[in-house]
Amino acid sequence: MRILITSVRGKTGSALADRLAPRDDVELLGGSTDPARVTRDGVVPVELSWDRPDGWARASAGVDAVFVVVPLRADAPELVASYLATTSASTHVVLLSERDPEQSGPQGWSSRVEQAVRTSGRSWTVLRPGWFMQVMTDPRFLRDQIVGGELAFPHAEAPVAWTDVRDIAEVAELALLDREHAGRTYELSGPQAVLHIRTAELLSAALGRPVVYTEPGAEEALDGLTGFERELTALTYERVRAGHFAVVTDDAPRLTGRPARSLEAFVADAAAAGEWSSP
Ligand SMILES: NC(=O)c1ccc[n+]([C@@H]2O[C@H](COP(=O)([O-])OP(=O)(O)OC[C@H]3O[C@@H](n4cnc5c(N)ncnc54)[C@H](OP(=O)(O)O)[C@@H]3O)[C@@H](O)[C@H]2O)c1
C-alpha cells in the first residue's frame, strides 16, 4: 500500500512516519517543501508545497491513502479541496483536523476544511485532536522558554488534556490502513486535564531544575504573531479559557486498546531523549 504524509517533517507527520516506515506492507512517501531534508530510512521524499499546485498530482501519483496536515492559512479550505481534486478518486484521506472545528479559526475555518474533505468524493476519516504535548519540545512554540526555566501559557485556571502526537499517529495508522474507519470522525485527547502549574511541576521534576509557570496577558500571549495565525491563536486561547481543551475523550484508548499516553510519560520520554538539554 502506498501512503503519503503531506508534512512528514512536522510533529504529527514524523510520529506517523515512525510507525509506517518500518512496515513491509507500506511504501511511504514523505511530503516536504524541501525533500532533501527528508532523510529518514524507509521514507521516499517527495516535494509537496501548498504554494506549488503544479507538483501536487506528481506527489500523489499512485497513492492509496494520504494523511493531510492542514496549513495554518486562511485559504486552507480551498487549498485542501484543490489538492484532493488532484488525487485519484480511490484515495483514502485521513485529515488532521482539531477539536470543536466549528469554533476553530475565523469564519468556521476548520469546519470548512473538514467540509472540503467530506465533499471531495474520496473516502475519508477525520481526526480531531486537542492541543499537542509536543509543542513543549517544538522550538517554534514552547521549547526554548522551557529550557530557559519558564512555562508561559494563558489561562491559569483552565486545564488542558494535552494530546500526545504518538497517539494521533497510532490512530492515523489504523485509519490509513483499514477502510473500516472510512466515514468516521475521532475525537482525540490525553487521559487527563492538567492545570499549567502542574505541567510546570512535571517539567521541573523531569529537568531536575525549576520551570516556573507564568500567566501572560492576552496581548503578550500573541506576541510576534501576525495576520491569520494571530487571529487563529487568539481564538484558540479563548477556547482554552472556555474549557474546550479540558475535555477527555475515549476514542484513542478504544481504538488502540490501551490508555492514551499521559503528560508524565511524554515529559519523561522527552527529557530522556534530551529534548530540553541544549539551549
Ligand atoms: N499544535 C497543536 O497543538 C495542534 C492541535 C490540534 C490540531 N493541530 C493541527 O495540526 C496541524 C499542524 O500539525 P503539526 O503540528 O504536526 O505540524 P508542524 O510540526 O507545525 O509542521 C508543519 C509542517 O508543514 C510543513 N510546511 C511548511 N510550509 C509548508 C508549505 N508551504 N507547504 C507544505 N508544507 C509546508 C513543514 O515541513 P517542511 O519544512 O518539510 O516543508 C512543517 O514540518 C495544523 O493543521 C493544526 O491546526 C495542531
Side-chain angles (χ1 to χ4, degrees), residues 4-19 29-40 43-56 59-60 66-77 79-80 82-83 86 94-101 103-106 108-114 116-117 126-143 153-154 160-169 171-172 185-190 199 225 228-229 231-233 235-237 239-240 244-245 247 249 252 263 266 275:
L4 169 66
I5 299 173
T6 61
S7 290
V8 78
R9 295 198 315 119
K11 291 184 284 300
T12 322
S14 58
L16 182 55
D18 284 344
R19 301 194 65 85
L29 310 184
S32 170
T33 55
D34 186 358
R37 298 179 71 185
V38 178
T39 53
R40 178 185 295 264
V43 181
V44 179
V46 294
E47 183 175 338
L48 201 158
S49 168
W50 294 108
D51 299 311
R52 308 251 334 250
D54 51 324
W56 293 349
S60 311
V66 60
F67 181 72
V68 175
V69 179
V70 179
L72 299 181
R73 307 168 34 156
D75 60 352
L79 282 176
V80 169
S82 305
Y83 164 66
T86 71
V94 177
L95 175 72
L96 180 63
S97 182
E98 55 182 304
R99 300 299 300 279
D100 306 318
Q103 296 176 59
S104 167
W109 175 80
S110 224
S111 278
R112 288 187 287 120
V113 174
E114 286 196 2
V117 172
V126 170
L127 309 185
R128 292 178 174 169
W131 213 306
F132 301 165
M133 295 177 188
Q134 280 73 8
V135 298
M136 296 182 213
T137 50
D138 186 340
R140 292 169 305 148
F141 203 55
L142 296 177
R143 180 195 177 268
F153 204 89
V160 171
W162 297 95
T163 310
D164 193 315
V165 298
R166 294 173 295 181
D167 287 337
I168 303 170
V171 174
T185 298
Y186 296 129
E187 313 278 345
L188 308 176
S189 80
T199 303
L225 297 177
F228 176 78
E229 208 170 340
E231 203 176 348
L232 181 67
T233 308
L235 285 166
T236 307
Y237 285 142
R239 290 161 61 219
V240 170
H244 294 209
F245 292 100
V247 178
T249 64
L263 189 58
F266 159 73
E275 295 280 7

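Every number for a ligand or one of its atoms is a count from 1 in the order of the listing.
- Nearest to atom 33 (C) of ligand 1 among the protein's heavy atoms is W50 CD1, 3.1 Å.
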Exercise for the section: Tell me, with the steps shown, if D51 and R73 meet salt bridge (Lys or Arg N to Asp or Glu O under 4.0 Å). Expected result: CA-CA 11 Å; D51 299 311; R73 307 168 34 156; 2.6 Å; yes

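- Checked against a 3.5 angstrom limit, the closest N/O atoms of T6 and ligand 1 fall outside it.
- When V135, V8, T33, I5 are checked for heavy-atom proximity to atom 28 (N) of ligand 1, T33 turns out nearest.
- A salt bridge is defined here as a Lys NZ or Arg NE, NH1 or NH2 lying under 4.0 Å from an Asp or Glu carboxylate O, and E98 with R128 fails to meet this definition.
- Ligand 1 places these atoms under 4.0 Å from at least one heavy atom of V69: 11 (C), 12 (C), 13 (O).
- The shortest N or O to N or O distance between R73 and ligand 1 is not under 3.5 Å.
- Annotation: the span from L127 atom CG to Y186 atom OH amounts to 9.0 Å, rounded to 0.5 Å.
- Atom 20 (O) of ligand 1 has R140 NH2, 3.1 Å as its closest protein atom, hydrogens excluded (heavy atom only).
- Ligand 1 places these atoms under 4.0 Å from at least one heavy atom of G10: 18 (P), 19 (O), 21 (O), 43 (O).
- Side-chain atoms of S7 never come within 3.5 Å of backbone atoms of R9 as a donor-acceptor pair (strictly under, hydrogens ignored).
- The single protein non-hydrogen atom nearest to atom 46 (C) of ligand 1 is L72 CD2, 3.9 Å, given as residue, atom name and distance.
- Shortest contact from atom 1 (N) of ligand 1 to any protein heavy atom: F132 CD1, 3.4 Å.
- Annotation: T12 places an N or O atom under 3.5 Å from an N or O atom of ligand 1; distance criterion only.
- If you look at F245 and W162, their ring centroids are not closer than 6.0 Å.
- Using a 4.5 Å heavy-atom threshold, the side chains of M136 and R143 count as separate.
- If you check which protein heavy atom lies closest to atom 40 (O) of ligand 1, you get S32 OG, 2.5 Å.
- For the pair W56 (side chain) and S49 (backbone), a donor-acceptor distance under 3.5 Å is present.
- In this structure a side-chain-to-backbone donor-acceptor pair under 3.5 Å is missing from E47 to T33.
- Atoms of ligand 1 found under 4.0 Å from any heavy atom of W131, numbered from 1 in the order shown, are 3 (O).
- Backbone and side-chain nitrogen or oxygen atoms of P129 are examined, and none is located within less than 3.5 angstrom of a nitrogen or oxygen of ligand 1.
- Residue E98 approaches ligand 1 through these ligand atoms, each under 4.0 Å from one of its heavy atoms: 6 (C), 7 (C), 47 (O).
- Between L4 and F67, every side-chain heavy-atom pair lies at or beyond the 4.5 Å cut-off.
- Here is the list of ligand 1 atoms found below 4.0 Å of a heavy atom in L48: 33 (C).
- Under a 4.0 angstrom heavy-atom cut-off, S110 registers as lying outside contact with ligand 1.
- A donor-acceptor contact shorter than 3.5 Å links the side chain of S189 to the backbone of T249.
- Nearest protein heavy-atom contact of atom 17 (O) of ligand 1 is K11 N, 3.9 Å.
- Distance alone, capped at 3.5 Å, is enough to place a donor-acceptor pair between the T6 side chain and the V69 backbone.
- Checked against a 3.5 angstrom limit, the closest N/O atoms of R9 and ligand 1 fall inside it.
- Distances between N or O atoms of D34 and those of ligand 1 include no value under 3.5 Å.
- What sits closest to atom 44 (C) of ligand 1 on the protein, heavy atoms only, is V70 O, 3.4 Å.
- At least one heavy atom of S97 lies less than 4.0 angstrom from ligand 1.
- In terms of polar-atom proximity, L96 is not counted as a contact of ligand 1, lacking any N or O under 3.5 Å from an N or O of the ligand.
- Protein heavy atom at the shortest distance from atom 25 (C) of ligand 1 is S7 OG, 3.7 Å.
- Taking the six-membered ring wherever Trp is involved, the centroid distance between the rings of F153 and Y237 falls below 6.0 Å.
- Inside a 4.0 Å radius of atom 36 (C) of ligand 1 there is not any protein heavy atom.
- Put simply, the side chain of V68 does not reach to within 4.5 Å of the side chain of L96, judged on heavy atoms.
- Taking a 6.0 Å sphere around CZ of R37, one finds it holds 12 or fewer heavy atoms contributed by other residues, nucleotides or ligands.
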